[in-house]
Amino acid sequence: MARGKKYQQRKLLYWRAHIHRHGGKNLQQLLREAFQGTRAVDRKIRPDADVPYYQILGTYKNEDGFFWGDFITFDQDKLGELIIENPEAEHLMIEQLLPESSDGKKGSLLEGQLFFLCKDNHLIICQDQQAKQGDLCNYLNRFFENKFPDEFLGYPISLERGISLNIRGKIKGVSEITITAPLTYEFDPKHSKELPVKTRPKGFSAFILDAISKATGQDTSYNFNDQKPLHATVKLKWPKQKKETFWNDIDRLANTLDNLDEDVGFVIKAKDRKYDRKEIHLEHTFTAHYLNRRIDTHRLFERMKKWYFDLCNNHDI
C-alpha cells in the first residue's frame, strides 16, 4: 500500500464449513471452545518442518453472537532488507537485519493476514495472497486435532465456497463449461536442496500442467512465477442429444465448480443463459479503511456483520 493511503478496495467471500464428526457442534462452538483462554504462543503452528513460516490465530473475540478471528502467517527467521542512503556513496547499500520491536524484542515478518467472521457454520472471509481459506482450514484441522483428539483425529473439517441459494438449482441444461486459470505455483515442502525449482503447480494449475505433460511426454516442472502471467483455458462441451440422466450429472458438475481456487474463472452455458463465477459465488467488494497502513479491524468487523445479515435477508444462505 502506498504511504499515507487510507482506503483500499477489498473483497469479502462467503464460505461454509462442513464438519464430518463433531458431536452436534458447529464451527462457531468449536472455535469458542478451542481458543477461549489460550495464550498466543500456544496457538502457533508450523505447517511442516520444511516450510519456512508459521501460522497463528493472532487475535480473536466473541462479540454480538459471532466469533471473529485474525489468522496470520509469518516467517520467524526471515531477514528484513533495509536500503541505506548515503549521499557520498556511488552505489546504494542494502542491509539485511532481523526485525525487532521498539523495546528490543525479536520480531517476525508478517507474510499474510486473513480475517474471518463465523456464525454457526457460516464464514465471511477477507483474505490476501499469502493467507487464504485453505491455509486457515489446514490450521484449524491441526489445532482441533490437538485440542479434541477423540473427535477430530482423521475426521477433518472442510470449507466449501457457497453458491447463492437463489441461483443454486436454476442452472440446468448445461451444454458448455469454460474454465480459465493462471498457471501459478506454491512452495513445495518436499523439494530437494539439489533441485533448483522449490515450487510446485498450485491447485488447478497442477491438473493443467499434468495433462500437458502426459499428452506431450515433456517435462512441465517449470517455474512461471517470474514470467508474465500465463493462463490456460479448458472448454467442456457436450452434444445436445443425450439422455436426461446425463444432463443431471452435468448439472451437478456445474454446481461443484464453486470449490475451485479463487483465481480460477469459469462460465457455465446453461439452457436459459450464461452464468459466470462472480454471479454464482457470494462475494462483496467494499472500500476498507486503514489506520497507519493497517486495516481498521473495527470497521471491517462491522462490514462483515452487515454483509452476513444482508445474505440472510436476501435468502442467499
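Here the SG atom belonging to C118 is positioned 7.5 Å from the CG atom belonging to D120, to the nearest 0.5 angstrom. Here F143 contributes atom CZ and D42 contributes atom CG; the two are 7.5 Å apart, rounded to the nearest 0.5 Å.
Defined by atom type and a distance below 3.5 Å, a donor-acceptor pair is missing between the side-chain atoms of R293 and Q8. Using modelled atom types, one finds no donor on one side chain facing an acceptor on the other under 3.5 Å when comparing N121 with Q28. For H122 and Y14, the side-chain atoms include at least one donor-acceptor pair closer than 3.5 Å. Between D135 and Q127, the side chains place no donor N or O within less than 3.5 Å of an acceptor N or O (distance only, hydrogens not considered).
At most 12 heavy atoms of other shown residues, nucleotides or ligands fall within 6.0 angstrom of atom NZ in K274. Within 6.0 Å of the NZ atom in K269, the count of heavy atoms belonging to other residues, nucleotides or ligands does not exceed 12. By the 6.0 Å contact criterion, CG on N292 is open, its count of non-hydrogen atoms from other residues, nucleotides or ligands being 12 or less. Sparse packing is recorded around CZ of R299, with 12 or fewer heavy atoms of other residues, nucleotides or ligands lying under 6.0 Å away.
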Requested in this report: Give the intermediate values and the outcome of salt bridge (Lys or Arg N to Asp or Glu O under 4.0 Å) for residues E283 and K11.
Outcome: CA-CA 7 Å; E283 58 184 51; K11 185 181 292 186; 3.5 Å; yes
Query - Trace of the side chain to side chain donor-acceptor pair (under 3.5 Å) decision for T285 with Q9 - result: CA-CA 7 Å; T285 301; Q9 293 294 106; 5.7 Å; no
Query raised in the report: Hey, mind stepping through F71 and L140 against side-chain contact (heavy atoms from CB on, under 4.5 Å) and telling me if it holds?
Result: CA-CA 10 Å; F71 172 69; L140 292 179; over 6 Å; no
Requested in this report: Would you please test E145 and R142 for salt bridge (Lys or Arg N to Asp or Glu O under 4.0 Å) and show each step?
Outcome: CA-CA 5 Å; E145 283 186 3; R142 295 191 63 177; over 6 Å; no
**Report entry** Worked check of side-chain contact (heavy atoms from CB on, under 4.5 Å) between L114 and I125
**Finding:** CA-CA 7 Å; L114 175 153; I125 288 178; 3.8 Å; yes
Report task. Assess whether side-chain contact (heavy atoms from CB on, under 4.5 Å) is satisfied between L123 and L117, documenting all intermediate values. Result -> CA-CA 6 Å; L123 277 174; L117 177 77; over 6 Å; no
**Report entry** Residue pair Q55, E111: steps toward the side-chain contact (heavy atoms from CB on, under 4.5 Å) verdict
**Finding:** CA-CA 10 Å; Q55 299 172 332; E111 295 286 333; over 6 Å; no
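A tilted orientation is assigned to the rings of F144 and F35, their planes being inclined by 30° to 60°. Between F286 and H284, the ring planes lie parallel to each other; the angle is under 30°, not in the 30° to 60° tilted range. Classification of the F116-F67 ring pair by plane angle, with boundaries at 30° and 60°, yields parallel.
Listed for the R43 side chain is a donor-acceptor partner under 3.5 Å among the backbone atoms of G58. Looking at Q29, its side chain does come within 3.5 Å of a backbone N or O of N26 through a donor-acceptor pair.
Between I19 and L27 there is a side-chain heavy-atom pair separated by less than 4.5 Å. With a 4.5 Å cut-off on side-chain heavy atoms, M304 and C126 count as touching.
With a 6.0 Å cutoff to the six-membered ring centre and a 45° limit on the axis angle, K61 counts as a cation-pi contact of F301. The cationic atom of R273 (NZ for Lys, CZ for Arg) lies less than 6.0 Å from the six-membered ring centre of Y275 and within 45° of the ring axis. For the pair K6 and Y290, the cation does not sit on the ring face, since its NZ or CZ is not both under 6.0 Å from the ring centre and inside 45° of the axis.
In the hydrophobic cluster analysis, where Ile, Leu, Val, Met, Phe, Trp and Tyr join through side-chain heavy atoms closer than 4.5 angstrom, F115 is grouped apart from L291.
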